[in-house]
Amino acid sequence: MAEPATNRPPTPAPPSGGMARKLSIVLFVILSALLYQQIQPPAPKICGSRDGRPVTAPRTKLKDGRHLAYMESGVPKEEAKYKIIFVHGFDSCRHDALPISPEVAQELGIYLLSFDRPGYGESDPDPARSEKSIALDIEQLADNLQLGPKFHLIGFSMGGEIMWSCLKYIPHRLSGVATLAPVGNYWWSGIPSNVSRDAWYQQLPQDQWAVWVSHHLPWLTYWWNTQKLFPPSSVITYNPAILSEEDAMLMKKFGMRPYFPMIRQQGEYNSLHRDMMVGFGKWDWSPLDLKDPFAGGEGKVHLWHGAEDLMVPASLSRYISERLPWVIYHELPKSGHLFPVDSGNADAIVKSLLLGDQ
């Protein structure tokens, strides 16, 4: 039997307009706080700190207090005829130095210095990292290790892109440069839209999105590459779809590196994601603005790229070398992105840089 209407609990009055606005604001603040928490990268686990891994490599201290970890190989520095600094690529470290054969290193008198770029391996992160700061880090590294007034540079992939920064900011310190499969920034001024568009669509769609976010929404780069809603960068996830036939063979060696866990040990944000934010970020200059740093003939700039590169399209390198006649371009018709991992190619690269094309 139904209760008398007078015994029913009263129906709450609908919220007033003012109360509804307050509830909407509270809900918006809560959702914003949750979103902010999701997109914030974790603090780095700096090597040598309480939360970080121990320091095992020799390191040198820079003027701002940061440390760079490094590795020396080849002949002793004091006996070297040629001193080369190698700049590693994306998701790599000092151990990924160009594999010059011991025979060639001895024959030519090569001292090779490789180092962990900021945030990688055992080098401290650089919260102010930019396309300029890494060139100045390299100059300080050379001075701290007493390499002398000039040295050669070789950079691979993301490290290859850094060669343009060194040519801009420290050209007076360079004896010669080789850039290997350099990453290109699709927004560099001076590159025609049809050239950048052609290179852009050679990427997988998920890489187009990852690169677009790094350029236009850099503050979202960490979230984009760690969320589970959309596929992140295929380079970070080692998607086999970006491997050429030759790269698939070389990946058996490159992908089984015993030191791989050490590469990202301070966190992916300060290594991988910052690399993307800087490499694909908004530069106020372009490699096409550069002038020949060796107009007097005292050095050369070499650019090497594999025609079958599915990670970094060769078309940008082709265009840059056409526009900069002082860049000596070498295209390997059957090679992909990982050609420097092959010791035979490494020896050819270093001989071309030091002795010229013979």
Side-chain angles (χ1 to χ4, degrees), residues 86-101 104 114 117 120-121 154-163 178-184 186 198-211 214 224-226 230-264 268 271-273 275-276 279-280 302-318 329-350 352:
F86 179 79
V87 185
H88 68 75
F90 189 77
D91 207 7
S92 301
C93 69
R94 65 187 184 277
H95 294 293
D96 293 307
L98 192 70
I100 303 168
S101 68
V104 169
S114 59
R117 292 196 285 110
Y120 281 104
I154 301 177
F156 170 45
S157 192
M158 195 66 80
E161 184 187 52
I162 289 169
M163 297 300 96
T179 176
L180 317 177
V183 167
Y186 301 92
D198 174 69
W200 178 262
Y201 284 109
Q202 291 180 51
Q203 302 177 99
L204 295 178
Q206 65 199 74
D207 293 327
Q208 294 172 20
W209 276 105
V211 169
S214 299
W224 184 266
N225 288 287
T226 55
F230 310 103
S233 164
S234 63
V235 182
I236 292 178
T237 58
Y238 284 77
N239 187 336
I242 59 173
L243 299 178
S244 69
E245 183 177 348
E246 183 183 274
D247 282 345
M249 297 176 60
L250 291 171
M251 183 56 76
K252 296 175 182 178
K253 172 184 176 182
F254 190 73
M256 297 298 290
R257 295 168 290 172
Y259 49 84
F260 179 78
M262 184 267 292
I263 293 173
R264 306 183 184 185
E268 294 187 8
S271 51
L272 310 182
H273 304 155
D275 248 5
M276 297 176 69
F280 299 117
H302 294 258
L303 194 165
W304 296 71
H305 217 122
E308 300 298 317
D309 193 336
L310 302 180
M311 297 188 207
V312 178
S315 52
L316 289 183
S317 288
R318 289 192 201 110
Y329 184 57
H330 311 257
E331 187 163 303
L332 305 178
K334 297 182 179 181
S335 293
H337 190 69
L338 298 177
F339 67 87
V341 175
D342 181 88
S343 58
N345 287 334
D347 286 349
I349 289 165
V350 77
S352 175

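Computation of the quantities below employed the complete heavy-atom set of this structure, encompassing side-chain atoms and omitting hydrogens, waters and symmetry-equivalent molecules.
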Side chains of [X] and [Y], heavy atoms from C-beta outward: is any pair under 4.5 Å?
| X | Y | result |
| --- | --- | --- |
| Ile236 | Asp91 | no |
| Asp96 | Ile263 | yes |
| Asp207 | Asn239 | no |
| Phe339 | Asp309 | no |
| Tyr120 | Phe90 | yes |
| Pro182 | Leu303 | yes |
| Arg257 | Ser92 | yes |
| Val312 | His305 | yes |

What distance do [X] atom [atom1] and [Y] atom [atom2] have between them, rounded to the nearest 0.5 Å?
| X | Y | atom1 | atom2 | result |
| --- | --- | --- | --- | --- |
| Ser317 | Glu331 | OG | CD | 8.5 Å |
| His273 | Glu268 | NE2 | CD | 5.0 Å |
| Leu272 | Arg264 | CG | CZ | 5.0 Å |
| Gln202 | Gln208 | CD | CD | 10.5 Å |
| Met249 | Leu243 | CE | CG | 12.5 Å |
| Leu98 | Ile100 | CG | CD1 | 5.0 Å |

So which atom in [X] and which in [Y] form the shortest heavy-atom distance, rounded to 0.1 Å?
| X | Y | answer |
| --- | --- | --- |
| Met163 | Thr179 | CG-CB, 3.8 Å |
| Pro333 | Ala307 | O-CB, 3.7 Å |
| Thr237 | Pro232 | CG2-CG, 3.7 Å |
| Ala199 | Leu316 | CB-CG, 3.9 Å |
| Gly279 | Glu161 | O-OE2, 2.9 Å |
| Leu204 | Ala241 | CD1-CB, 4.1 Å |

What class does the angle between the rings of [X] and [Y] fall in, given that below 30° is parallel, 30 to 60° is tilted and above 60° is perpendicular?
| X | Y | result |
| --- | --- | --- |
| Trp304 | His330 | parallel |
| Phe280 | Tyr186 | parallel |
| Trp224 | Phe230 | parallel |

Salt-bridge criterion met for Lys334 and Glu246 (N-O under 4.0 Å): no
Does any N or O in the side chain of Ser352 come within less than 3.5 Å of the main-chain N or O of Ala348, such that one atom is a donor and the other an acceptor? no
For Leu180 and Ile349, what are the C-alpha separation, side-chain angles and deciding distance, and is it a side-chain contact (heavy atoms from CB on, under 4.5 Å)? CA-CA 9 Å; Leu180 317 177; Ile349 289 165; 3.8 Å; yes
Ser233 and Asn225: side-chain donor and acceptor closer than 3.5 Å? no
Ring centre gap for Phe156 and His337 strictly below 6.0 Å: yes
Tested for side-chain contact (heavy atoms from CB on, under 4.5 Å) against Arg94, the lone hit among Met262, His88, Arg117 is Met262
Neighbour count above 12 (heavy atom, 6.0 Å) for Trp200 CH2: yes
